Chemist: 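Input: one structure, supplied below.
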Amino acid sequence: MQAAELVEGVLAGNRRALARAISHVEADSPTGRELQRALYPRTGRAQTIGITGSAGAGKSTLVGAVTRDERRRGRTVGIVAVDPSSPFSHGAILGDRIRMQDLTSDPGVFLRSMASRGNLGGLSETATGVVDVMDAAGYDVVIIETVGAGQDEVEVATAAQTTVLVTNPGAGDEIQSMKAGLMEVAQVMVVNKADLAGADTAVTQLRALLAIADLRAWRPPILKAVAKTGEGVPELVDAIDEHHAYLRSHEHGDRERRELARKQIVALARAALHRQALETAEHSGALAALVDEVAGRRRDPRSAAEILLGAVKREWGEAALAEPTPENAAR
Amino acid sequence: MANQRPIRVLIAKPGLDGHDRGAKVVARALRDAGMEVIYTGIRQTPGMIAEAALQEDVQVVGLSILSGAHLELFPRVIEELKSRGVDDVLLFCGGIIPHEDIGTIETLGFKGVFGPGTTTTDIIEFVRAHAPVRA
């Protein structure tokens, strides 16, 4: 199927066209980029929700529970579930469907598993593009479930309007370690597995963190839920909806939307810059020579990095001179 | 990135038997060979398997079955795939499948039937050799 045909299919709600379009966007192929250009003006209608938290926090189960609740409210749901790729083989086992088996037979739900494919953040580099395709396909809600939060957790915030942080009772140390990035990330916090001992302590710890945070106008609510039984899930969906309404109506909404747009552009540009710079560095042979010097203790890694960057800039400068593009020719 | 697109495989267990050791071993082997493997869990209906194959846009579907119901379930998986327009996937299967049934299964469209004693290397090589290339 060609791009134009796929665009038509996606907009018409054809599931096969949607699945194929997602593959193109995920592969970042020329067709994928064409699709994104064509579909982006048709996005912006879906409510987008990010679900993040450490491994084993119950994200998949919670996504399933939230989806069932959204369905009861009459909304259709697209889900993007990201799991890690192996850094060694680049393969992945994507098992999120196991916890959402019942949703497979619901025509109002479309679930797509993605491997992180070794990009910088925990989020697949192309995941935001996939969210956009589902948005254009007309799903009322698009949920993106990300690889367990870690140092890159801030990147999660670039994928969705409302990010939900999932934590558990007894994860006190973990909550402490999240201090720095926490407020940047989550607009809603939920203590999942709240039937276990220590749920109230976890809520108190989160509340204490919020108390010292430099909050903007939106104060993240802290909820308790048991995703497995569905307990607390309607309240969670209500809280997500409240944040969404805040974004739509409040004067801060416009600022938040611009902030999200900025984060998305910067994240994609950073990833592309990183990849292209490394490709140039390896291609030019500069990297290999510096590796020898640093490994032999003849040069320190910091200076080597500077030299590498200089080499890349020179290559790019020469390339720009050799092939004038309409942009730099006009200057 | 665009030039090294991993092969996407769905590993599924149709029907009511709950023994998925074999399916998991195959899933892990394919992962370690650099593929992206979607594993759906046990007790899948043919409709669920076909729908997952569609949504995940996989190139390959592998079915594991130990219950003896393969001649009942496999044709229904094929039907469900066809009714969704999923007509370009490589199909293979494994588990306990009597020798005399292999011919029937192959005529259904399964390119590989892997019984007990198969090495994971055989399966990896089979998938690499036959997975349809996507533009």
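By convention in this document, chain letters (A, B, ...) are assigned in the order of the sequence lines, proteins followed by strands, and residues within each chain are numbered from 1. Everything quoted here is computed from the prediction, not taken from an experiment.
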Chemist: Taking side chain as everything from C-beta outward and backbone as N, CA, C, O, which of these in B/Ile7 sits under 4.5 Å from a heavy atom of chain A? Side chain, backbone, both or neither.
Modeler: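 Interface part for B/Ile7: neither.
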Chemist: Tell me yes or no: between the side chains of B/Asp32 and A/Ser89, is some donor less than 3.5 Å from an acceptor?
Modeler: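 No, no side-chain donor-acceptor pair sits under 3.5 Å.
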Chemist: Name the residue from A/Ile49, A/Thr67, A/Asp96, A/Ile51 that meets the side-chain contact (heavy atoms from CB on, under 4.5 Å) definition with A/Ile79.
Modeler: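 That would be A/Thr67; it is the only one of A/Ile49, A/Thr67, A/Asp96, A/Ile51 passing the side-chain contact (heavy atoms from CB on, under 4.5 Å) with A/Ile79.
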Chemist: Taking every non-hydrogen pair under 4.5 Å, which of A/Leu94, A/Leu111, A/Thr104 racks up the most with chain B?
Modeler: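 Max contact count across the listed options: A/Leu94.
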Chemist: Just grab all the salt bridge (Lys or Arg N to Asp or Glu O under 4.0 Å) pairs involving residues 8-17 of chain B, residues at least two apart or on different chains.
Modeler: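 Salt bridge (Lys or Arg N to Asp or Glu O under 4.0 Å) check on residues 8-17 of chain B returns A/Glu26-B/Arg8, B/Arg8-B/Glu36, B/Arg8-B/Glu56, B/Lys13-B/Asp17.
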Chemist: Name the region of B/Met35, side chain, backbone, both or neither, that has any atom closer than 4.5 Å to a heavy atom of chain A.
Modeler: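 For B/Met35, backbone heavy atoms alone lie under 4.5 Å from chain A.
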Chemist: Will you find, in the side chains of B/Thr104 and B/Asp101, an N or O donor that is under 3.5 Å from an N or O acceptor?
Modeler: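 Short answer, no.
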Chemist: Most heavy-atom pairs under 4.5 angstrom with chain A, which of B/Gly34, B/Gly47, B/Ala27?
Modeler: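 Of the candidates given, the most pairs with chain A belong to B/Gly34.
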Chemist: Do you know which two heavy atoms are closest between A/Asn14 and A/Ala17, and how far apart they sit?
Modeler: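 Where A/Asn14 meets A/Ala17 most closely, the heavy atoms are OD1-N, 3.0 Å.
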Chemist: Side chain, backbone, both or neither: which part of B/Val86 has a heavy atom under 4.5 Å from chain A?
Modeler: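 For B/Val86, backbone and side chain are both near chain A.
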Chemist: Pick whichever of A/Ser23, A/Ser86, A/Gly95, A/Gly32 has the most heavy-atom pairs under 4.5 Å with chain B.
Modeler: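 Answer, by heavy-atom pair count under 4.5 Å with chain B: A/Ser23.
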